[in-house]
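Okay, so here's the structure we're looking at.
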Amino acid sequence: MGIDRAGDVPDANVETVEDKPDRPPPPPPDKPGTDGYPSRADSRSGAAAANETSAQPTDKTQIQKPEAPQPSRDTSGEQASTVAENKPGTFASSELSEGESSSKDDGVAGERKDTGHAQTDTYGTSDTGQASKEAGDLGGSGGREQTPDDWTTSQDSSTAKMGKPSTPTDAGEQGQNEGIRTTPSAENGEPVSADAPSGQDTTATADRPSPGLEENIPVPPAPRDRSDVHRKDDADAAYEGITPVGDASAATTLTGSAEDQPQTIDKPQPDPPDAARPVAEVGAAEEPATTLTESAETPGQRLDDQTEPRNEGNAEGADTAEGRPLGERLVVDGKPVRDRIDPLAAADVDAELVTEPWTDPTADLPPTGKELSDMDSDKLSRFERLRREGYRKIDDGLDVTEKGFDLGVGAFARPPTHAETRTAQPEVVEAPHHAVTAGEAASGLLAAGIVIGELVRWGHGKLTEKKERS
Amino acid sequence: MMPVTDDQVAALRAYLAGDFDTHKQLHRQLDPVAAGTGYTALIAGAFFEAVDRRFGKNDTNADVVEFVASVRTRSERLADELDAQIAERLIRHSLGSGSIADLEDAAVIRTQIILLAGLISDEKLDNAELDQFMTTARQLGDQLMR
């Protein structure tokens with residue numbers, strides 16, 4: 001991301017710096033054996049001497065620092081750009097050339113070390129003996145005491161070499177990116193010789209925003225709208241492992257400068273060989289560097305990046321920081337923060353894998369009682385048919401209906417089912433009179449003659465018997 | 001569109017109750033414009049409800065044919081002017097079969113009135129049943145006009 005931005009920015013800044021007419025000419029090429037021009041061997045020896053002296057704390061007054069106020073830790077990223085704008089005259093073209101040449105040969109290790117240690121020296125509230133180290137660096141690079149112009153030269157040269165714009169940017173994100181990229185070893189990926197302790201330091205801080213460069217920038221801190229105190233607290237806790245390089249305040253200052261450079265490097269920086277690093281810095285210093293380089297795009301994610309070292313081990317965070325999203329890298333109680341915050345995220349992913357169309361599980365069930373009732377009486381559907389065809393709208397409705405009603409009157413008459421004879425009034429039928437007929441009289445007379453004949457015969461028989469007896 | 005009015009309901013109820021004099025009186029008082037929509041809708045709804053009550057459960061073509069024939073035998077005028085085919089198609093259409101889209105509007109309305117009179121005469125409804133029938137017919141008429 002930062003590289004892309006850098007690509008968008010024209011390299012005119014470098015040319016602008018070099019085109020400054022008031023700048024001193026570029027330094028002459030390396031001329032070993034020539035008076036006034038230290039050779040590479042001299043530079044190495046000077047760097048070695050500086051390392052030896054750096055082990056002993058020196059007085060703070062040994063360093064001739066510019067009178068510029070102490071830069072704010074969170075504005076260190078802006079300093080790279082701010083210096084280019086406020087102090088254009090300090091970017092000597094000769095020094096630029098020197099910086100370029102020194103970054104290509106091994107003799108520059110001392111100068112690199114100078115930049116790496118100058119960070120702690122600059123941002124440290126207490127001097128940690130880096131001044132003597134710088135003195136050694138200066139001796140290695142020419143045997144002269146470094147001036148504020150020289151300090152700015154190292155950064156400027158790096159910036160100019162990388163073609164990064166030295167113009168300031170608002171809030172310093174781009175400038176912060178430049179601050180990190182200007183680290184020679186990080187940008188060029190050149191292996192640093194293992195025999196140069198200073199080079200090791202430089203390599204260890206390669207992923208960080210070249211602190212040494214920022215130290216040399218005597219620029220007042222730019223006004224910030226962020227709370228430095230709050231960030232310092234987070235940064236102190238996050239980068240405790242950097243303290244071997246400098247004191248706690250130096251680490252804090254480094255954090256502050258790193259905070260302002262969140263989008264600097266998205267790509268993993270080429271890891272220098274571990275053999276070239278101090279053992280103390282492999283685990284401690286690498287993690288903050290990783291955090292800085294993988295800083296998020298939004299401020300909220302920046303804070304998450306800062307809290308990452310608290311939750312994870314330094315070595316683990318360094319291994320897992322690359323190529324994974326932030327939500328997976330942050331682990332709480334052995335569980336990614338993403339899963340803790342959104343437990344349904346995994347379920348959503350599983351749901352997306354379902355490709356079969358959804359089918360109604362109740363489709364095979366028999367219809368409910370209401371549905372059966374509705375289907376049984378298809379009155380509604382029939383009524384819809386009536387609405388479409390049976391309902392007619394006519395203009396002469398009264399006339400048509402009147403004719404229909406006239407015809408319908410006949411429909412009220414019930415049809416006859418059997419024959420009927422209607423009479424005017426009801427009639428009462430009298431009982432018939434019975435009389436003796438001739439046959440009945442003849443039959444009676446016959447019966448009576450028979451009875452009388454028998455009585456006569458019986459009486460004659462009685463009289464006869466009495467006469468005979470008598 | 002105006003819904004079925006109370007005057008239209010009252011006029012039809014008087015006709016179905018056999019009070020032809022009252023019906024004629026109310027029929028003359030109806031709005032001619034509203035009669036073209038609301039009154040015909042009320043007649044269609046009443047015919048649909050009467051057919052559903054008569055043939056809704058056991059609807060066979062034989063029953064329909066027998067009913068139409070009985071209506072035609074009730075008077076010589078009906079036997080002459082009532083088209084049995086149209087009458088049977090109207091009944092079957094109300095029962096869910098066939099189509100009457102090709103029939104003229106006047107023939108449909110006139111036939112519906114004649115068949116409605118025959119159906120209600122056979123039902124021998126009392127006043128309460130007739131009121132309930134008219135309420136249902138009015139609701140159906142309103143739905144037809146929506």
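Note on naming: letters A, B, ... go to the chains in the order of the sequence lines (proteins, then strands), and numbering restarts at 1 for each one. Worth knowing before you read on, the calculation uses all heavy atoms, side chains too, and leaves out hydrogens, waters and symmetry mates.
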> Do B:Phe20 and A:Asp406 touch side chain to side chain, with heavy atoms closer than 4.5 Å?
Replying inline: no
> Of all heavy-atom pairs between B:Tyr15 and A:Gly404, which one has the smallest distance, and what is that distance?
Replying inline: OH-O, 4.0 Å
>> Distance check, rounded to the nearest 0.5 Å: B:Ile114 atom CD1 versus A:Lys403 atom NZ?
In response: 12.0 Å
> Atom CZ in B:Arg28, atom CD in A:Glu402: separation rounded to 0.5 Å?
Replying inline: 7.5 Å
>> Need one label for B:Thr111: side chain, backbone, both or neither, based on atoms under 4.5 Å from any heavy atom in chain A.
In response: neither
>> Is B:Ile100 in contact with chain A via its backbone, its side chain, both, or neither, using a 4.5 Å heavy-atom distance?
In response: both
> Is it the case that more than 12 heavy atoms not belonging to B:Glu104 sit under 6.0 Å from its CD atom?
Replying inline: no
> Just how far is it from atom CZ of A:Arg388 to atom CG of B:Leu144, taken to the nearest 0.5 Å?
Replying inline: 12.0 Å
> Hey, does the side chain of B:Tyr39 reach the backbone of A:Gly397 with a donor-acceptor pair shorter than 3.5 angstrom?
Replying inline: no
>> Quick one: does any side-chain atom of A:Arg382 pair with a main-chain N or O of B:Phe48 as donor and acceptor, under 3.5 Å?
In response: no
> Taking all atoms of both residues into account, what is the closest heavy-atom pair of B:Leu103 and A:Arg392, and its distance?
Replying inline: O-NH1, 2.8 Å
> Are side-chain heavy atoms of A:Val409 and B:Arg77 found at a separation under 4.5 Å?
Replying inline: no
>> A side-chain contact here means heavy atoms from C-beta on lying under 4.5 Å apart; do A:Leu398 and B:Leu30 qualify?
In response: yes
> What's the spacing between A:Ile394 CD1 and B:Thr40 OG1 if we round to 0.5 Å?
Replying inline: 6.0 Å
> Where does B:Gln8 contact chain A at under 4.5 Å (heavy atoms): side chain, backbone, both or neither?
Replying inline: neither
> Can you find a pair of side-chain heavy atoms, one from A:Tyr391 and one from B:Leu140, that are under 4.5 Å apart?
Replying inline: no
>> Could you go through A:Thr401 and B:His27, starting from their C-alpha distance and side-chain angles, then the distance that decides it, and tell me whether this counts as side chain to side chain contact (heavy atoms under 4.5 Å, CB included)?
In response: CA-CA 9 Å; A:Thr401 55; B:His27 188 79; 3.0 Å; yes
>> Donor-acceptor check, side chain of A:Arg385 to backbone of B:Gly98, threshold 3.5 angstrom: yes or no?
In response: yes
>> Given heavy-atom pairs under 4.5 angstrom as the criterion, report whether the side chain, backbone, both or neither of B:Ile43 touches chain A.
In response: side chain
>> I'd like to know whether CD of B:Glu66 has more than 12 heavy-atom contacts from other residues, nucleotides or ligands below 6.0 angstrom.
In response: no
>> Just checking B:Glu76: does its CD atom have more than 12 heavy atoms from other residues, nucleotides or ligands closer to it than 6.0 angstrom?
In response: no
> Pick from A:Leu386, A:Asp399, A:Asp395, A:Val400: which one has the most heavy-atom pairs with chain B under 4.5 Å?
Replying inline: A:Leu386
>> Does any part of the side chain of B:Leu82, heavy atoms only, come nearer than 4.5 Å to the side chain of A:Leu407, both counted from C-beta?
In response: no
>> When you measure from the side chain of A:Arg387 to the backbone of B:Gln143, do you find a donor-acceptor pair of N or O atoms at a distance under 3.5 Å?
In response: yes
> Counting heavy atoms not belonging to B:Gln85, are there more than 12 under 6.0 Å from its CD?
Replying inline: no
>> Under a 4.5 Å cutoff for heavy-atom pairs, which residue among B:Val71, B:Ile109, B:Leu12 has the most contacts with chain A?
In response: B:Ile109
> Looking only at heavy atoms, which two atoms of A:Ala411 and B:Gly118 are closest? And how far apart?
Replying inline: CB-N, 3.7 Å
